[in-house]
Student: 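There's a structure below that I have some questions on.
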Amino acid sequence: MTLQEILAAPLRSVLDGMGVSPETQAPFEIPRQQGFGHLSTTVAMGLARELRKPPKAIAEEIIERLGSLPMVEKLEVAGAGFINVTFKPEAFHTVLRSLDGMGDDIGRSSIGGGQSVNVEYVSANPTGPLHAGHGRNCALGDTIANTLAWAGYDVTREYYFNNAGNQMNKLGESIAARVCEALGKSDVLPFPEDGYHGEYIVDVANELVGQHGDQLTQLVDSDAIDDLKAQCRKAGETWCFEQIKKTLHVLNIHHDVFFNEDSLYGSGRVEKTIANLRERGLVYEKDGALWFALSKMPNATNVDRQDKVIVKSTGEPTYRLPDIAYHVEKLERGYGMLVDIFGADHIATIPDVLSGVEALGHDASKVRVVIHQMVTFIEDGAVVKFSKRSGKSFTLDDLIDEVGADVVRFFFVMRTPGTHLDFDLNLAKEEGDKNPVFYLQYAHARICSILRKATAGVPDTASVDLSVLTHERELELIAIISRFRSTVERAAETLEPHIIAEYLRDLAGAYHQFYHDCRILGSEPVLEQARLVLANITRRALHNGLMILGVKAPESM
RNA sequence: GCGCCCAUAGCUCAGAUGGAUAGAGCAGCAGCCUUCUAAGCUGCGGGCCGCAGGUUCGAAUCCUGCUGGGCGCGCCA
């Protein structure tokens with residue numbers, strides 16, 4: 001039960017009585033300004049045209065027809081035709097009691113209806129440790145997955161990787177070159193021009209030499225360089241993946257499925273994709289390569305409609321082909337929705353994949369792509385430069401070491417995905433009042449402290465008289481808690497988790513204000529009981545909100 | 001040149017799908033701890049919502065055209 005729900009039914013029947021089309025929405029808004037009541041609606045203004053009457057007159061008629069409602073203090077017309085609603089305190093008590101009924105599930109919703117969703121994120125190839133910029137994809141993807149789960153979807157978290165391609169060969173070659181260096185035979189295999197220059201390559205090489213020095217020496221001496229490269233590649237992959245998983249673990253990220261691109265070849269899906277496209281006349285050969293005829297697709301999502309190569313003249317497929325096969329595979333696994341989390345630098349691949357999916361007779365609208373813009377790290381007012389290949393890389397581990405996992409997760413999701421993100425390292429490192437993460441965690445810890453100190457524990461709500469909660473801060477706090485579920489729903493629908501981060505700031509703020517103005521322990525026994533209940537429900541909401549963001553909710557700080 | 005994204009306070013950003021006088025945090029200034037965690041609360045200053053048109057009762061929000069920035073536009077992924 002929310003404040004909106006108290007009014008929804010009566011208003012609906014009034015509108016019906018006025019002969020208004022049943023589709024007419026009666027949205028309630030929370031007035032931005034003080035003094036406009038607890039809720040307001042613009043229905044009257046929306047109906048002005050249909051009813052050919054001035055909005056104010058319609059508003060007055062609606063109010064008259066609504067009559068007096070049990071939990072409503074007053075209804076008034078304001079401005080151009082707003083209907084402002086002020087509730088009696090008992091409305092808030094009703095709402096609070098129903099929120100308490102949710103128990104630890106406060107904020108949970110069932111709008112997802114159990115529909116299965118696959119969220120694919122991170123998906124970095126095992127060619128090196130995750131760099132700091134990857135953090136946004138990681139945090140965003142996992143938070144979106146959490147949000148969908150809380151909204152009642154059945155979520156699978158998936159990581160797509162390729163351990164077969166050209167990049168992996170370069171990794172193997174780079175490590176092999178470092179191995180040769182370590183063995184004092186750098187002339188055998190010079191470091192490749194476009195190899196991976198990172199420190200970790202040297203680490204892996206040294207580790208290998210330490211463990212299998214003799215065997216590697218033998219490979220080098222017998223000129224079995226290909227074998228050396230292959231062994232190095234395998235070792236590099238294992239090392240990188242371990243590293244990546246360790247980093248994700250620290251960030252509280254755990255995938256259900258690690259999908260290897262290579263398996264698409266083994267299962268024949270890539271071949272099948274070509275065959276299916278060919279069957280539909282969407283494939284042709286030119287210059288020794290195989291082309292996907294996007295220009296022939298009538299309703300292609302693709303905007304530029306340029307034909308694209310799917311198999312190079314060397315016989316190797318381009319990334320496009322397995323990507324299409326992969327998305328088809330996921331859809332055939334039966335998911336009702338696929339969510340892809342991509343950085344803006346991969347934006348160009350999306351229309352091709354969607355067109356491919358569509359061409360093969362699947363519903364491309366099931367695929368929702370979240371594109372996040374790039375991240376800039378700012379320190380002391382200046383942009384921090386880093387590059388994966390330069391050797392002076394700034395890894396996600398480095399970032400976590402500097403600012404902590406909670407801050408990393410929060411900072412990466414606190415902005416809307418579509419905008420460029422400035423990650424302020426100074427602010428992030430601040431372990432105090434300036435840091436927005438601590439603001440939320442502090443509110444949670446503060447509540448826990450009080451609950452610990454309450455000698456009789458948290459009272460059973462059923463036996464508590466909530467009607468003593470009449471302070472403005474108390475009612476405001478209740479109103480904000482009651483928005484939690486719809487906030488989760490909105491974040492799930494839009495796939496924009498920053499909505500939850502914003503909400504939690506409001507929630508924590510309302511609690512801090514309540515805490516400041518309303519003494520809990522030691523006030524009148526009845527009031528103390530009621531306030532303990534309110535504090536405890538706030539705690540649950542904060543806790544769950546932080547869980548969705550993957551941020552810890554400490555019981556003391 | 002073409003496509004996608006962005007432009008709101010000194011800085012970093014919200015803005016509930018078109019509503020009322022534009023909202024936070026940080027930075028600046030001024031207050032509040034003999035009582036539940038001051039990692040908190042309260043107040044003040046700060047705006048041509050990039051520019052110009054259009055749509056309508058009403059636009060930061062929708063449409064068009066500019067300007068300025070980011071990311072792409074490969075038989076790389």
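So that the names make sense, note that chain A is the first sequence line, chain B the second, and so on, each numbered from 1. Computed from a prediction, not measured in an experiment: that's the story for all the values here.
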Student: Is A/Gln513 close enough to B/G40 that one of its side-chain N or O atoms is under 4.0 Å from OP1 or OP2 there?
Tutor: no
Student: What about the rings of A/His512 and A/Tyr439, do their centers lie closer together than 6.0 Å?
Tutor: yes
Student: Between B/C75, B/C76, B/A20, which nucleotide gets closest to the side-chain atoms of A/Ala78?
Tutor: B/A20
Student: How far does the P atom of B/A22 sit from the matching atom of B/C49, given to the nearest Å?
Tutor: 10 Å
Student: Kindly express the pairing pattern of RNA chain B in dot-bracket notation, using | wherever a base pairs with another strand and counting only Watson-Crick or G-U pairs under 3.5 Å.
Tutor: (((((.(..((((.....[...)))).(((((.......))))).....(((((..]....)))))).)))))....
Student: Between A/Lys330 and A/Glu158, is the closest basic N to carboxylate O distance under 4.0 Å?
Tutor: no
Student: Which part of the nucleic acid does A/Leu427 contact within heavy-atom distance under 4.0 Å: base, sugar-phosphate only, or nothing?
Tutor: nothing
Student: Is A/Asn84 touching bases, backbone alone, or none of the nucleic acid, heavy atoms closer than 4.0 Å?
Tutor: base
Student: Pick the closest RNA chain B nucleotide for A/Gln373 and for A/Leu521 by heavy atoms, then say which residue is nearer the 5' end.
Tutor: A/Gln373
Student: In whole Å, I'd like the distance from the CD1 atom of A/Ile83 to the C1' atom of B/G19.
Tutor: 14 Å
Student: Applying a 4.0 Å non-hydrogen cut-off, can you work out what A/Thr494 is touching in the nucleic acid: base, sugar-phosphate, or nothing?
Tutor: base
Student: What pairs meet the salt bridge (charged side-chain N to carboxylate O under 4.0 Å, His left out) rule with one or both residues in residues 121-135 of chain A, with sequence neighbours excluded?
Tutor: none
Student: Taking only the side-chain heavy atoms of A/Arg519 (C-beta and beyond), determine which of B/C4, B/C71, B/C36 contains the nearest atom.
Tutor: B/C36
Student: Which part of the nucleic acid, if any, lies within reach of A/Ser486 when heavy atoms closer than 4.0 Å are counted: base, sugar-phosphate only, or nothing?
Tutor: nothing
Student: I'd like to know if A/Thr419 reaches the base of B/C6 with its side chain such that a donor and an acceptor end up less than 3.5 angstrom apart.
Tutor: no
Student: Is A/Lys74 atom NZ crowded by more than 12 heavy atoms from other residues, nucleotides or ligands, each under 6.0 Å away?
Tutor: no
Student: Specify the separation, in whole Å, of atom CZ of A/Arg505 and atom C1' of B/C13.
Tutor: 9 Å
Student: Determine the interatomic distance between P on B/G69 and the same-named atom on B/C32; round to the nearest Å.
Tutor: 49 Å
Student: If the cut-off is 4.0 Å, is A/Lys434 near the phosphate of B/A27, judged by side-chain N/O to OP1 or OP2?
Tutor: yes
Student: Report yes or no: is there a donor-acceptor pair, N or O only, under 3.5 Å between the side chain of A/Tyr319 and the base of B/A77?
Tutor: yes
Student: Looking at A/Phe292, I'd like to know if the NZ or CZ of A/Arg320 sits under 6.0 Å from its six-membered ring centre while staying within 45 degrees of the ring's axis.
Tutor: no
Student: Considering only atom P, compute the distance from B/G19 to B/A27 and round it to an integer number of Å.
Tutor: 33 Å
Student: Salt-bridged, A/Glu474 to A/Arg531, with N to O below 4.0 Å?
Tutor: yes
Student: Within the 4.0 Å heavy-atom criterion, would you say A/Asp287 contacts the bases, only the backbone, or no part of the nucleic acid?
Tutor: base
Student: In whole Å, measure the gap between the C1' atoms of B/G68 and B/C51 for me.
Tutor: 11 Å
Student: Is A/Thr318 touching bases, backbone alone, or none of the nucleic acid, heavy atoms closer than 4.0 Å?
Tutor: sugar-phosphate
Student: Please state whether the phosphate of B/G15, meaning OP1 or OP2, lies under 4.0 angstrom from any side-chain nitrogen or oxygen of A/Arg490.
Tutor: no
Student: B/C13 P sits how many Å from A/Glu502 CD, rounded?
Tutor: 12 Å
Student: In a check of side-chain hydrogen bond (donor to acceptor under 3.5 Å, both in side chains) between A/Asn163 and each of A/Asn125, A/Thr127, A/Asn260, which one passes?
Tutor: A/Asn260
Student: Decide, for B/U17, between syn and anti: a glycosidic angle within 90° of 0 counts as syn, anything else as anti.
Tutor: syn
Student: Could you check B/C33 for me: syn (within 90° of 0) or anti?
Tutor: syn
Student: Does OP1 or OP2 of B/A24 have a side-chain N or O of A/Tyr439 closer than 4.0 Å?
Tutor: no
Student: What nucleic acid atoms does A/Ser40 come within less than 4.0 Å of, heavy atoms only: base, sugar-phosphate, or nothing?
Tutor: base
Student: Just to be sure I understand the rule, does A/His346 reach a base, reach only the sugar-phosphate, or reach nothing, if contact means heavy atoms closer than 4.0 Å?
Tutor: base
Student: When the P atoms of B/C6 and B/C71 are considered, how many whole Å apart are they?
Tutor: 15 Å
Student: Which one, B/A14, B/G72, B/A77, comes nearest to the side chain of A/Arg415?
Tutor: B/A14
Student: Under the 3.5 angstrom rule, does the side chain of A/Tyr515 hit a backbone N or O of A/Ile520 as a donor-acceptor pair?
Tutor: no
Student: Classify A/Met45 by what it touches in the nucleic acid, base, sugar-phosphate, or nothing, heavy-atom distance under 4.0 Å.
Tutor: base
Student: Taking the six-membered ring for Trp, does A/Phe82 stack with B/A20 (centroid gap under 5.5 Å, planes within less than 30°)?
Tutor: yes
Student: What contact category does A/Arg473 fall into here, base, sugar-phosphate, or nothing, at under 4.0 angstrom with non-hydrogen atoms?
Tutor: sugar-phosphate
Student: Taking the P atom in each of B/G15 and B/U55, what is the distance between them to the nearest angstrom?
Tutor: 28 Å
Student: Taking CD1 from A/Ile480 and P from B/A16, how many angstroms apart are they, rounded to a whole number?
Tutor: 17 Å
Student: One thing to verify: whether A/Lys56 and A/Glu60 come together as a salt bridge, which I'm taking to mean a side-chain N less than 4.0 angstrom from a carboxylate O.
Tutor: no
Student: Under 4.0 Å between any heavy atoms, over every strand shown, what does A/Arg483 touch: base, sugar-phosphate, or nothing? Just pick one.
Tutor: base
Student: Would you mind classifying the nucleic acid contact of A/Asp424 as base, sugar-phosphate or nothing, using non-hydrogen atoms under 4.0 angstrom?
Tutor: nothing
Student: Touch check for A/Ala445, heavy atoms < 4.0 angstrom, all strands: base, sugar-phosphate only, or nothing?
Tutor: base
Student: What residues, two or more places apart in sequence or in another chain, satisfy ring-ring contact (aromatic ring centres under 6.0 Å, His included) together with A/Phe36?
Tutor: none
Student: Quick one: do A/Glu502 and A/Arg490 make a salt bridge, cutoff under 4.0 Å?
Tutor: no
Student: Report which part of the nucleic acid A/Cys448 touches: base, sugar-phosphate, or nothing (heavy-atom distance under 4.0 Å, all strands).
Tutor: nothing
Student: For the side chain of A/Thr416, starting at C-beta, report the closest nucleotide among B/G19, B/A14, B/U35.
Tutor: B/A14
Student: Tell me which nucleotide among B/G15, B/C73, B/C71 gets nearest to the side chain of A/Ala348.
Tutor: B/C73
